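Only one structure is covered here, and it is reproduced in the block below.
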Amino acid sequence: MQSVIEFIQQPWSWWFSGAIISSIMFILLFFGKSFGFSANLRTICTVAGAGKKVPFFNFNWKTQIWNLVFLVGAIIGGFIANQFLSNGEAVQISQSTISDLSALGFAAPTSVQPEELFSWEAAFSVKGFLILALGGLMVGFGARYAGGCTSGHAISGISDLQIPSIIAVVGFFIGGLIMTFGILPLIF
Amino acid sequence: MKFIKFLVVGIVFGIVMAKSEALSWYRIQEMFRFQSFHMYGIIGTAVTLGVIGVALIKKFKLRDFEGNPIQFHPKEKSVARYLIGGSIFGLGWALSGACPGPMVVNIGYGYLTMAVVFLFATLGTFLYGVIKDKLPH
């Protein structure tokens with residue numbers, strides 16, 4: 001039993017994690033739903049009343065309750081993982097990433113997320129707040145513009161060999177590479 | 001009660017995002033710098049199994065648990081919206097280190113400042129809804 005707990009508390013391998021993610025997609029299909037997380041952002045706008053003014057949000061959000069419940073589950077899952085399934089180790093990223101990031105002023109990882117971005121101190125600085133806000137804004141805008149995020153396009157769409165999803169993922173990388181190599185060096 | 005199964009699947013999703021470290025900004029940076037196989041292994045495994053499974057569902061015309069045929073909805077044909085929208089998404093993904101799912105997993109994990117990212121992601125979606133008719137699709 002002790003070894004099972006130790007196994008779970010380690011970071012999970014890529015193949016095991018990938019297999020679980022694909023199982024999640026198939027379980028949702030067998031529940032008659034499709035895996036697409038960013039649809040929740042639209043639903044939240046609708047629940048907040050955006051449908052009265054903007055036609056895009058005027059839809060029957062009750063058909064999406066299942067997905068909001070999934071979202072609540074994801075929050076609980078994060079909590080469980082941290083409280084009961086974690087050994088508190090830093091993320092084991094490659095040495096070359098550590099040195100690249102240190103050139104931008106990031107210390108080597110001591111936990112899951114960089115303090116430089118996600119501590120309260122960082123979030124309440126003008127620059128730190130703008131980073132979090134603009135990052136989120138682009139993710140939410142881009143996901144809906146592209147008709148899906150990582151779950152809807154990269155996982156569900158490509159599993160169905162959809163050309164639009166392949167184009168969207170190419171876009172994800174165009175944007176990601178511009179940010180990583182073009183913009184991050186300018187702001188850090 | 002009929003929603004409880006989605007809560008359970010969501011919990012599994014949250015746990016796997018955390019335990020695979022896919023929720024970490026560091027891992028996303030490592031991915032965009034092509035310095036580790038880890039994230040590619042996760043997505044590659046999910047997609048490989050996904051392609052096989054979806055093909056089997058179609059071949060054997062499998063049904064969901066209510067007996068309805070499992071349907072796949074082809075996305076509308078276009079290049080502009082996927083390429084431009086996808087690129088904007090990618091800019092945000094590499095900056096905040098989180099796509100929408102991992103954002104909320106981070107909040108549960110205890111990174112409460114990720115709520116700022118999530119709030120603005122919702123605002124970004126609202127902004128899209130407001131100006132969508134003016135954008136190339």
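Please read all numbers here as calculations on a predicted model, not as lab measurements.
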Worksheet entry | chain B contact via A/L85 - which portion, at a heavy-atom distance below 4.5 Å | both
Worksheet item: Which atoms of B/N106 come close to chain A, meaning under 4.5 Å heavy atom to heavy atom: side chain ones, backbone ones, both, or neither?
Response: side chain
Practice prompt. List the steps, then state whether side chain to side chain contact (heavy atoms under 4.5 Å, CB included) holds for A/L177 with B/F34.
Written response: CA-CA 10 Å; A/L177 294 176; B/F34 304 101; 3.7 Å; yes
Worksheet item: Using non-hydrogen atoms only, which part of A/L71 is less than 4.5 Å away from chain B: side chain, backbone, both, or neither?
Response: both
Fill in: Residue B/M39 versus chain A: region with a heavy atom under 4.5 Å
neither
Anything under 3.5 Å between a donor and an acceptor, one on a side chain of residues 87-96 of chain B, the other on a protein residue two or more places apart or in another chain? List them.
{"unit_1": "B/S87", "atom_1": "OG", "unit_2": "B/L83", "atom_2": "O", "d": "2.7"}
{"unit_1": "B/S96", "atom_1": "OG", "unit_2": "B/G92", "atom_2": "O", "d": "2.9"}
{"unit_1": "B/S96", "atom_1": "OG", "unit_2": "B/A98", "atom_2": "O", "d": "3.4"}

Item to complete: Under 4.5 Å heavy-atom distance to chain A, tell me which part of B/K19 shows up: side chain, backbone, both or neither.
Response: both
Worksheet item: What heavy-atom pair brings B/S78 and A/I167 nearest, and what distance separates the two atoms?
Response: O-CD1, 3.7 Å
Discussion item. Go through it in stages, so that I can follow the logic: the residues are B/Q35 and A/D100, the test is side chain to side chain donor-acceptor pair (under 3.5 Å), and I'd like the CA-CA distance, side-chain angles, deciding distance and then a yes or no.
Written reply: CA-CA 10 Å; B/Q35 287 166 333; A/D100 279 10; 2.9 Å; yes
Item to complete: Below 4.5 Å from any heavy atom of chain B, which atoms of A/I93 appear? Answer side chain, backbone, both or neither.
Response: both
Worksheet item: So with a 6.0 Å cut-off around CD of A/Q10, is the heavy-atom count from everything else above 12?
Response: yes
Item to complete: Could you tell me which portion of A/V54 (side chain, backbone, both or neither) has an atom closer than 4.5 angstrom to a non-hydrogen atom of chain B?
Response: side chain
Worksheet item: Which atoms of B/L123 come close to chain A, meaning under 4.5 Å heavy atom to heavy atom: side chain ones, backbone ones, both, or neither?
Response: both
Item to complete: Specify which of B/I4, B/I15, B/V105, B/L112 makes the most heavy-atom pairs with chain A at under 4.5 Å.
Response: B/I15
Item to complete: Measure A/F106 against the heavy atoms of chain B and call it side chain, backbone, both or neither at under 4.5 Å.
Response: side chain
Worksheet item: Which pair of non-hydrogen atoms, one from B/K75 and one from A/Q162, has the smallest distance, and what is that distance?
Response: N-OE1, 2.8 Å
Practice prompt. Give, as side chain, backbone, both or neither, the part of A/I158 having an atom under 4.5 angstrom from any heavy atom of chain B.
Written response: both
Discussion item. So for B/F65, is it side chain, backbone, both, or neither that comes closer than 4.5 Å to the heavy atoms of chain A?
Written reply: both
Show every donor-acceptor pair shorter than 3.5 Å between a side-chain atom in residues 41-51 of chain B and any protein atom, with sequence neighbours excluded, or say none if there are none.
{"unit_1": "B/T45", "atom_1": "OG1", "unit_2": "B/G41", "atom_2": "O", "d": "2.6"}
{"unit_1": "B/T48", "atom_1": "OG1", "unit_2": "B/G44", "atom_2": "O", "d": "2.6"}

Worksheet entry | Any donor-acceptor N/O pair, A/S17 side chain to B/V16 backbone, under 3.5 Å | no
Worksheet entry | Contact summary for A/S119 and B/T113, nearest pair of heavy atoms | O-CG2, 3.9 Å
Item to complete: Specify the closest pair of heavy atoms between B/R81 and A/Y145, including all atoms of both residues, with the distance to one decimal.
Response: NE-O, 2.8 Å
Worksheet item: Tell me, side chain or backbone of A/I166 under 4.5 Å from chain B's heavy atoms, or both, or neither?
Response: neither
Worksheet item: Do A/I21 and B/M17 come close enough that some side-chain heavy atom pair is under 4.5 Å?
Response: yes
Worksheet item: Can you tell me how far OH of B/Y109 sits from CD1 of A/I75, rounded to the nearest 0.5 angstrom?
Response: 16.0 Å
Practice prompt. Could you look at A/T180 and say if it's the side chain, the backbone, both or neither that has a heavy atom under 4.5 Å from chain B?
Written response: both
Worksheet item: With side chains defined as the heavy atoms from C-beta onward, is the minimum distance between B/Y26 and A/T97 less than 4.5 Å?
Response: no
Practice prompt. Name the region of A/K33, side chain, backbone, both or neither, that has any atom closer than 4.5 Å to a heavy atom of chain B.
Written response: side chain
Worksheet item: What is the minimum heavy-atom distance between A/P11 and B/E21, and which atoms define it?
Response: CG-OE2, 3.5 Å
Fill in: Proximity breakdown for B/I131 and chain A, heavy-atom pairs closer than 4.5 Å
side chain
Practice prompt. Begin from the C-alpha positions of B/F6 and A/I65 and carry the test side chain to side chain contact (heavy atoms under 4.5 Å, CB included) through to its verdict.
Written response: CA-CA 10 Å; B/F6 296 108; A/I65 291 176; over 6 Å; no
Worksheet item: Taking the six-membered ring for Trp, are B/F3 and A/F70 ring centroids under 6.0 Å apart?
Response: no
Discussion item. What part of A/T46 gets within 4.5 angstrom of chain B, counting heavy atoms only: side chain, backbone, both, or neither?
Written reply: neither
Fill in: Atom group of A/I98 that falls short of 4.5 Å from chain B, counting heavy atoms
neither
Worksheet item: Would a 4.5 Å heavy-atom cut-off, applied to side chains only, mark B/Y111 and A/S111 as touching?
Response: yes
Discussion item. Need one label for A/I27: side chain, backbone, both or neither, based on atoms under 4.5 Å from any heavy atom in chain B.
Written reply: side chain
Worksheet item: Which region of A/L184, side chain (C-beta onward) or backbone (N, CA, C, O), has a non-hydrogen atom less than 4.5 Å from a non-hydrogen atom of chain B, or is it both or neither?
Response: side chain
Discussion item. For a quick test of reading the model, state the closest non-hydrogen atom pair linking B/P100 to A/L41 and the distance between them.
Written reply: CG-CD1, 4.2 Å
Worksheet item: Which answer fits A/I163, side chain, backbone, both or neither, if we ask what part of it has an atom under 4.5 Å from a heavy atom of chain B?
Response: neither
Discussion item. Please classify the contact of B/K2 with chain A as side chain, backbone, both or neither, using a heavy-atom distance under 4.5 Å.
Written reply: neither
Discussion item. Let me confirm one number: the CZ-CG distance from A/F141 to B/L135, rounded to the nearest 0.5 Å.
Written reply: 5.0 Å
Worksheet item: What about A/F118 and B/W25, are their ring centers closer than 6.0 Å?
Response: no
Worksheet item: Is it true that A/F56 and B/Y128 have ring centroids separated by less than 6.0 Å?
Response: yes
